Number of protein chains: 2
Amino acid sequence: MAIRQRRVTITDVARHAQVSTTAVSKVLRDAYGVSEAMRLKVRAAIDDLGYRPHNAARAMRGRTFTIGVLLPHIRNPFFADIIDGLTDEISAGGYQAIMVQSGGRDPAAERRASDALVDRQVDGVFWVAPACARAQLEQLAEDTPLVVLGRHDRSSRYDCVLDDDEVGAELAVEHLIGLGHRRIAHIADSLVSRSTALLQTIRAATYERVMTEHGLAGHIAVASTSYTEEGGYAGTRELLSRDPRPTAIFAGSDQAAFGALAAVHEAGLTVPGDISVAGYDNARVTGLAHIALTSVDQDGALMGRTAGRLLLERIGGRTAAVRFSVTPTLVTRRSTAPPGPE
Amino acid sequence: MAIRQRRVTITDVARHAQVSTTAVSKVLRDAYGVSEAMRLKVRAAIDDLGYRPHNAARAMRGRTFTIGVLLPHIRNPFFADIIDGLTDEISAGGYQAIMVQSGGRDPAAERRASDALVDRQVDGVFWVAPACARAQLEQLAEDTPLVVLGRHDRSSRYDCVLDDDEVGAELAVEHLIGLGHRRIAHIADSLVSRSTALLQTIRAATYERVMTEHGLAGHIAVASTSYTEEGGYAGTRELLSRDPRPTAIFAGSDQAAFGALAAVHEAGLTVPGDISVAGYDNARVTGLAHIALTSVDQDGALMGRTAGRLLLERIGGRTAAVRFSVTPTLVTRRSTAPPGPE
DNA sequence: GGCTGGATGGGTAACGTTACCCACTCCTGA
DNA sequence: TCAGGAGTGGGTAACGTTACCCATCCAGCC
C-alpha cells in the first residue's frame, strides 16, 4: 500500500487560524457561540489547507452526517426513483447517503446489512421494504432514527412512508375487471407468509378481496414467486400452463411484470391481444413506448424526498412517530385491453 | 431521539472473558500470538454479550473491513450484475460493500462522492466508470487501494477491470454491416470529449473506424447525448428526423438502447422491420423475450468478482498494478435483422 | 546452570473529533 | 455601583479500537 501522507486535521486548521480546535469544531458544526469574524477566519483556514472532517473520528463523539439506506437490491429500477428523491432532500443539509443491499429474502443477510450500517455509525437509517420481524425494526429504532418505506404496521418508534397498497391493487384489478376480464391472475411474492404488514401481503389480499367482491372468487389464481423478473417469468409460465389460462395478469411489481411480459411473449402469445398485463410501481422505464406497461403509480421521488425530510427531523430531535401515505393512481398504457373473443 | 443504551465494547468482552482488551482485539483481527484456548474463551465471551466491533473506532486506528463502491447511478441495470459479483467475492473475507452514487456527469458531485468514501475511511474503493481526470484517480490511489472499472488509461497506482470496448463495438457494428445495413447511426455519450480513455470514447471511435473501413464513412451519423434512457430517446428522435434516416442504430449502452427502442416505437416504426437496434452491456433484462435486444455481452458478474479479488489483494499489500480485460461477445436477438427493401 | 528465542499475554499511547465545562468581556438594569 | 446574563472563546476528557512495545514463561541447547 502506498504511504499515506498525514491528513489535515482540525488541529492544523486551528493552528493556521490561530484559534482553538474547539472554535474550529464549532464553526464546522454551525454550533452556537461563534462570532462572524471567527467564522470567516476559520473558513479561510479550512479552504487554505483543504481540510475535510474525518468522519470516523466524528463518529466517535457525535454525528457522521451520513444516512444509511437499506435496499433489498439495486436491480429494481423503482428504487432509483426513490433514491433520487432522498438524495435531493438530504444533500442540502450536508448529509450523504450510503447504500447497502439487504438481500431482501434471507433474514440473516438482512440482519447483517442492518448491523453493518449501525456499526458504521450512521445518523439515521432509511430502510426500504424490510422483510424482517417488526420487533427488529423497533429495536433498531431505539438506537437510531429510522424511516421505513413500504410497510403497513404502525409503530411509535419509527416513521413510515408508504403508498396505500390497498387502493393501488384495487385500481389495477378493477381496471382489468372493467375491461371485461374475469380470469385475472396475480403474481405474488412468497414473503407474504411472513407478515400481514408487508406490501406484498396487502396487494395479494386486496386482489383476492376485489375478485371476490365481483363474484370472481372462482377465478382467483395466484402464482407465489417473487417480485423480480425471474419471479414474474416463472410465475407466468406456471399460470399459462393452467387450463383455462388467465386472460389478464396483475403482477405485484413492475419487475415481475417485466418477467411476465417475457414469458407471455415466449409462449407465442401477444400482449394485450391474448393477455393483458398490469404492474405496480410505475418505475420510469415502464413508460417507454416499446414497453408501455399499465402500472400503478406511487411517486417514488416524493416518497424518497419525504423519507429524507422525516429522517432529518428525527435526527433533529423529533420523537413522535409520523406516517406518510401516498395515494396511488393508475397509469393506463398499451399492455392492457379488453379480452379477445373466446 | 431515543436514549441509546451503551454499546457492548471490547472492554466489556475483555472483562467478561477475564483477559486484556489487547487479547480480544487480537482474536478479532485474527492476529498473531493467540493460543487456541484464548481464542475459544474470547469467542465465547463475544457470543455471550452479543458484541460487535465499533467500526468508527476501528477506523481511527486500522481497518474498517469496508469497500466503498462508486456508481454513476443505480438506475443502470448492468451495475446490478457487477455488484452481485463484487459482493460474492468480498463477503467471505468479512468485508462489506457500501455504495455511493457519483452522479457521473457533474465533476464536482463526483468529487464529493469520492471524498465521502475516503472520509468514511473505507479500506478500498471500487470506482465504476469514473468520468474525472486521470490525475484525480492517481491521487486517490495514493491514499487508498483502488480498482477502476471501465477506463482504458494505464496506471501504475491502481488496478483496472475492463472489457475490450474496441472488440465489443466492432462486433456490434460488423454485425449490422453483415446484415446489409449501410446507414448505421450511433448514440454516443457526450462525455467522450473529456478523455480518450473513457469507454464511451472508445466505442464511438471504433464505430467511426469500422464504418470507414467498410467504405461507409459517408454514412457516419452520431447523436451525442448520454448513456441513459433519456439520452437514447432524445438521440434517436434526432437521428430519425434526418433524411435519409438510418436503418440501424448502435447504442453505446443498453440503457440508451432502451430509449432508442421507445423512440422508434413512438415514431410509428418497427424494430427490426424499419430499424435495427443493438445495445451494449447485455444487462440481464435485455434478454427478456419481449425486449430481445441484440447486445454486446461483457460478463458483469465476472468483472465484479475480479474487482473484489483485486481489491482484497491490494489491501493485503500488493502494489504492482494489474489490468484485467474481458473479451466481449455478441449476443444476437430479435432487435436486429437485415434492412427492408428501400 | 545459564542463555536464547519462540510463544503468549498485557500495558499504553495514540487516532481526530466533540460534549461539557469554565473563563472572560461587555452590556443592561436596578 | 454592582449583580446578572448574554456573547464569545478555550481547555480537557472522553469515544472504542489497535499498533507498538514490553514482560513472562518455558523448552531446548551449549
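Any value given below was found using the heavy atoms of this structure, including those in side chains, with hydrogens, waters and symmetry copies removed. Per chain, numbering begins at 1; letters A, B, ... match sequence-line order. The shown structure was predicted, so the numbers you read here are calculated from the model rather than taken from an experiment.
Distance CZ (A:Arg7) to C1' (C:dA14): 17 Å, rounded to an integer number of Å. A:Arg61 has its CZ atom 13 Å from the P atom of C:dT17, to the nearest Å. B:Gln121 has its CD atom 9 Å from the P atom of C:dG16, to the nearest Å. Between B:Asp119 atom CG and C:dT17 atom C1' the separation is 13 Å, expressed in whole Å. Across the protein-nucleic acid pair, A:Arg120 atom CZ and D:dC15 atom C1' stand 18 Å apart, rounded to whole Å. The CZ atom of A:Arg39 sits 14 Å away from the P atom of D:dG7 (whole-angstrom rounding). In this structure, A:Met60 places its CE atom 20 Å from P of D:dT12, rounding to the nearest Å. Per the geometry, CG belonging to A:Asn55 stands 19 Å off P belonging to C:dC15, to the nearest Å.
With a 4.5 Å cut-off on side-chain heavy atoms, A:Leu149 and A:Leu162 do not count as touching. A:Leu70 is listed as a side-chain neighbour of A:Leu117, based on a closest heavy-atom distance under 4.5 Å.
Within residues 44-54 of chain B, no residue has any heavy atom closer than 4.0 Å to DNA chain C. Residues from residues 19-38 of chain B placing a heavy atom under 4.0 Å of any atom in DNA chain D, listed by number, are B:Thr22, B:Ser25, B:Arg29.
Donor-acceptor pairing under 3.5 Å is lacking for the side chains of B:Gln96 and B:Ser91. Residues B:Arg134 and B:Ser195 bring no donor and acceptor atom of their side chains to less than 3.5 Å of each other.
A distance of 8.5 Å separates CG of B:Leu191 from OG of B:Ser226, quoted to the nearest 0.5 Å. Within the model, atoms NE2 of B:His73 and CZ of B:Arg105 stand 12.0 Å from one another, a figure rounded to the nearest 0.5 Å.
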Are any protein N/O atoms closer than 3.5 Å to N/O atoms in nucleotides 23-25 of chain D? If there are, list each pair with its distance.
none

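Axis angle across the helix from C:dG1-D:dC30 to C:dA30-D:dT1, with five pairs used at each end and values rounded to 10°: 50°.
Residue A:Arg154 qualifies as open at atom CZ: its count of foreign heavy atoms under 6.0 Å is 12 or below.
No donor-acceptor contact under 3.5 Å links the side chain of B:Arg58 to the base of D:dT17.
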Which is it for B:Arg314 and B:Asp123 under the side-chain contact (heavy atoms from CB on, under 4.5 Å) test, yes or no, and what are the steps along the way? CA-CA 10 Å; B:Arg314 257 193 193 269; B:Asp123 290 341; over 6 Å; no
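A:Gln101 contributes a side-chain N or O that, together with a main-chain N or O of A:Ile74, makes up a donor-acceptor pair within less than 3.5 Å.
Within the structure, salt bridge (Lys or Arg N to Asp or Glu O under 4.0 Å) pairs that include any residue of residues 65-75 of chain B comprise A:Asp81-B:Arg75, A:Asp84-B:Arg75 (at least two apart or interchain). Applying the side-chain hydrogen bond (donor to acceptor under 3.5 Å, both in side chains) test to pairs two or more places apart or on separate chains, those with a residue in residues 23-38 of chain B are B:Ser25-B:Arg29, B:Asp30-B:Arg39.
In terms of heavy atoms, A:Val128 sits closest to A:Pro72 at O-CD, 3.4 Å. Here the closest non-hydrogen pair linking A:Ser102 and A:Ala113 is CA-CB, 3.8 Å. Shown here for A:Arg120 and B:Phe65, the closest heavy-atom pair between the two residues is NH2-O, 3.4 Å.
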